[in-house]
Student: 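Could you have a look at this structure, given as structure tokens, before my questions?
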There are 12 protein chains.
Amino acid sequence: MTDRTYRVTDIVGTSQQSVDAAINNGIRRASQSLRNLDWFEISEVRGHIVDGHIDHYQVGLKVGFRLEDAE
Amino acid sequence: MTDRTYRVTDIVGTSQQSVDAAINNGIRRASQSLRNLDWFEISEVRGHIVDGHIDHYQVGLKVGFRLEDAE
Amino acid sequence: MTDRTYRVTDIVGTSQQSVDAAINNGIRRASQSLRNLDWFEISEVRGHIVDGHIDHYQVGLKVGFRLEDAE
Amino acid sequence: MTDRTYRVTDIVGTSQQSVDAAINNGIRRASQSLRNLDWFEISEVRGHIVDGHIDHYQVGLKVGFRLEDAE
Amino acid sequence: MTDRTYRVTDIVGTSQQSVDAAINNGIRRASQSLRNLDWFEISEVRGHIVDGHIDHYQVGLKVGFRLEDAE
Amino acid sequence: MTDRTYRVTDIVGTSQQSVDAAINNGIRRASQSLRNLDWFEISEVRGHIVDGHIDHYQVGLKVGFRLEDAE
Amino acid sequence: MTDRTYRVTDIVGTSQQSVDAAINNGIRRASQSLRNLDWFEISEVRGHIVDGHIDHYQVGLKVGFRLEDAE
Amino acid sequence: MTDRTYRVTDIVGTSQQSVDAAINNGIRRASQSLRNLDWFEISEVRGHIVDGHIDHYQVGLKVGFRLEDAE
Amino acid sequence: MTDRTYRVTDIVGTSQQSVDAAINNGIRRASQSLRNLDWFEISEVRGHIVDGHIDHYQVGLKVGFRLEDAE
Amino acid sequence: MTDRTYRVTDIVGTSQQSVDAAINNGIRRASQSLRNLDWFEISEVRGHIVDGHIDHYQVGLKVGFRLEDAE
Amino acid sequence: MTDRTYRVTDIVGTSQQSVDAAINNGIRRASQSLRNLDWFEISEVRGHIVDGHIDHYQVGLKVGFRLEDAE
Amino acid sequence: MTDRTYRVTDIVGTSQQSVDAAINNGIRRASQSLRNLDWFEISEVRGHIVDGHIDHYQVGLKVGFRLEDAE
């Protein structure tokens, strides 16, 4: 077995519902473009406020995925 | 349109239910005293433990709001 | 009353459900081994991804507890 | 001479021109509301992009000012 | 009992005597303007030097206080 | 409206003129390859010195852009 | 001589008198439970305020001690 | 000569041998996909332990490369 | 399968040979006292210098291990 | 060619005009005392305010220079 | 008046008495070698423990001083 | 015995071989100019890449040395 290499990309998932939903929305979208997603880490949690209420959450995520062997 | 200036204040929202509820409680209380709330950012999540269970959550928040023009 | 001393230990709670559940699982397990738990603080939130979905959450926690007097 | 106390407030100055203009706009607005401004420190430099060009700069500033004696 | 909200303000206490005196001077001045002070945290310790000796200490403090209910 | 996801990429813009020119050069080049650029944040400012003068500035930038829906 | 290994534990020493007393109280209590204490490092200084005065200091300490050889 | 722009990507190189081998494995894999690699910086060193021995090293690397001119 | 909890302890491994040897010495000693070691992370690399040469390396490590179920 | 060693020194450049002028003033002064200046990095940007306007900028710089071979 | 440049040097002051004494010892020694000392900032507080008591304090200090004009 | 003072200087050691060699090269060069070197700490590890391979390593080091008594 050769030594694997991973890449880490930064995304921001958003949701009008909750922090957890923003995480899941971001991971779901990332999995549409990237294969072999392996782990994530939250880098920041922010949000937008409108009329005194939270309009949407913005969760920064580092997402790691395994690089396939180059031919 | 003139160039806007914002102020950022630090608050700690608390809740006996969850992290999300502590965020919302803090934002709601801030909106009673401050106008033009625009965004927030979580700075820390702590909590108090009583008899081996979480008694309440304490969520540090930076809250940004637009300053109105001074006369 | 003498001056109390506290100790802080690092744990990682996990859950397949949510960030809040991972926090609670970690605190519950810590309370089985340690007495006088007093507070916690989240140090990081990570997770493992399988087939494009979050398989489980891993929440790093600093947990403080009061040291009893040594005899 | 008594020992002075200072307060530090966080603001965000903005400008469509440059980083320096955003700093100056923020300080000018702060000086309309606060007396005895004494120093500032940049905490972050961000900006908004529209159609591939910088639309405006947002410069986070910590601004220190001397508190007058309370009566 | 409703869920409390706290605010955190940054001050700089000064003293020509010692670090501890600068902390106490800052807290005393803050308590003249703010009610319900609850905790503090040191953010930095600096000082001014004149003729090779420390002329005064400057201690940055985050000071937390409970917000009273808005009517 | 579905919940948007953003990606953040790190670039280094350079210029022989000034910090502001390095920022603008980096954003301009990024906008040739990436659509929907939305914001930037400065992560570091460095530079190269030749014969006692600044030869060029190197400004690290985090650049956020909106991901379009995957089909 | 074999290569030594050290362990680092986090404690919080408290005192109603001063920062220095809180450090010494924490080290004294730690030395009742742990052998071969070798060094400490301050990680944070906080305190509790009651009626506008500091009620007690809380000093976070990393304390290193040499592990004895396992049999 | 126009002003160059660089991009920085995060990878994790792994090896069962040593930290240095993990760095080299990561750089070698990155050079198969990216042209004009120019520098790297270690962001973290972790590893996996099996049966009390290090099974493999995981070295986080920021890798910078020059962007070619867009046509 | 129940949700696992992990503990993270800080150690300092030392060696007169190299950084890698200090890491391995620390892990080996930790595995004599702790079961189920799972991962490590380097927190700092320091060393002692005698007569202009490195006398020994001191590598700070965070070591994670799985807690077994409490009865 | 032997392996070069560099030294990094911290300076603070000042200017009444702008951030860029403060950087250039600091580099110019450093080049009068130090040979082989090679790079710089901004560590902080502060300033002094008088009568509500910026009186001068203070820019912290890390400046690297190549050490010549010792005889 | 020309624009002044400052240099910042890192020292560690020590004392067997207290943190404050270690600060003063360090500043006093620095003032024997360097002219125009202007400010200091504490970067870390550590100490050595012997037989369960603090043997001496080690206080890291950044010390700033004004550079005189080069001829 | 009087209370000792130490100074900390920042250097960058380089090597075409390995991280360890870069550390040793930096310490060796520093010991040619400075007496009483006592400890070091790694602050960053970077490197230059040429044609997809590491051309040389650059290791940032803080090096502490004891100041001799001034006469």
Side-chain angles (χ1 to χ4, degrees), chain J residues 2-71, chain K residues 1-50 52-71:
Chain J
T2 59
D3 295 305
R4 294 174 167 174
T5 301
Y6 298 80
R7 209 159 81 74
V8 184
T9 190
D10 286 277
I11 65 172
V12 180
T14 67
S15 164
Q16 294 189 307
Q17 310 306 319
S18 67
V19 172
D20 275 9
I23 298 171
N24 280 281
N25 285 346
I27 300 292
R28 188 183 312 120
R29 178 61 185 80
S31 72
Q32 293 173 344
S33 310
L34 301 168
R35 279 188 291 185
N36 309 316
L37 293 186
D38 199 45
W39 84 89
F40 73 92
E41 180 180 347
I42 294 184
S43 53
E44 66 174 6
V45 179
R46 302 169 69 105
H48 194 54
I49 305 172
V50 174
D51 291 336
H53 294 83
I54 297 174
D55 185 68
H56 62 273
Y57 298 85
Q58 304 157 320
V59 181
L61 298 167
K62 292 181 174 297
V63 182
F65 54 99
R66 183 165 48 80
L67 290 177
E68 298 177 348
D69 293 340
E71 292 82 37
Chain K
M1 194 194 78
T2 60
D3 297 304
R4 293 173 168 176
T5 302
Y6 298 80
R7 208 158 83 75
V8 184
T9 189
D10 286 276
I11 65 172
V12 180
T14 68
S15 164
Q16 294 189 305
Q17 310 307 318
S18 67
V19 173
D20 275 10
I23 298 172
N24 280 281
N25 285 346
I27 301 291
R28 188 182 314 119
R29 177 60 185 81
S31 72
Q32 293 173 342
S33 309
L34 302 168
R35 280 189 289 187
N36 308 318
L37 294 186
D38 198 46
W39 84 91
F40 73 92
E41 180 180 347
I42 294 184
S43 54
E44 66 174 7
V45 179
R46 302 168 69 105
H48 194 53
I49 305 173
V50 174
H53 293 82
I54 297 175
D55 185 68
H56 61 272
Y57 297 85
Q58 304 158 319
V59 181
L61 298 166
K62 293 182 173 296
V63 181
F65 55 98
R66 182 165 48 79
L67 290 176
E68 297 177 349
D69 293 340
E71 292 84 37

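Because the structure is a prediction, the values reported are computed rather than measured. In what follows, chains are A, B, ... by sequence order, proteins preceding strands, each numbered from 1.
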Student: Would you give the length of the straight line joining atom CG of J:Leu61 to atom CZ of K:Arg7, rounded to the nearest 0.5 angstrom?
Tutor: 13.5 Å

Student: Any side-chain heavy atom of J:Thr14 within less than 4.5 Å of one from K:Tyr6?
Tutor: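 Sidechains of K:Tyr6 and J:Thr14: in contact.
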
Student: If you measure from CD on J:Gln58 to CZ on K:Arg4, what distance do you get to the nearest 0.5 Å?
Tutor: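 Atom-to-atom, J:Gln58:CD and K:Arg4:CZ are 11.5 Å apart.
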
Student: What I'd like to find out is whether the side chain of K:Thr5 reaches to under 4.5 Å of the side chain of J:Val12, using heavy atoms alone.
Tutor: no

Student: Rounded to the nearest 0.5 Å, what separates atom CG in K:Asp3 from atom CD in J:Gln17?
Tutor: 7.5 Å

Student: Roughly how far, to the nearest 0.5 Å, is CD1 of J:Ile11 from OG1 of K:Thr9?
Tutor: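 Spacing of OG1 (K:Thr9) from CD1 (J:Ile11) equals 13.5 Å.
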
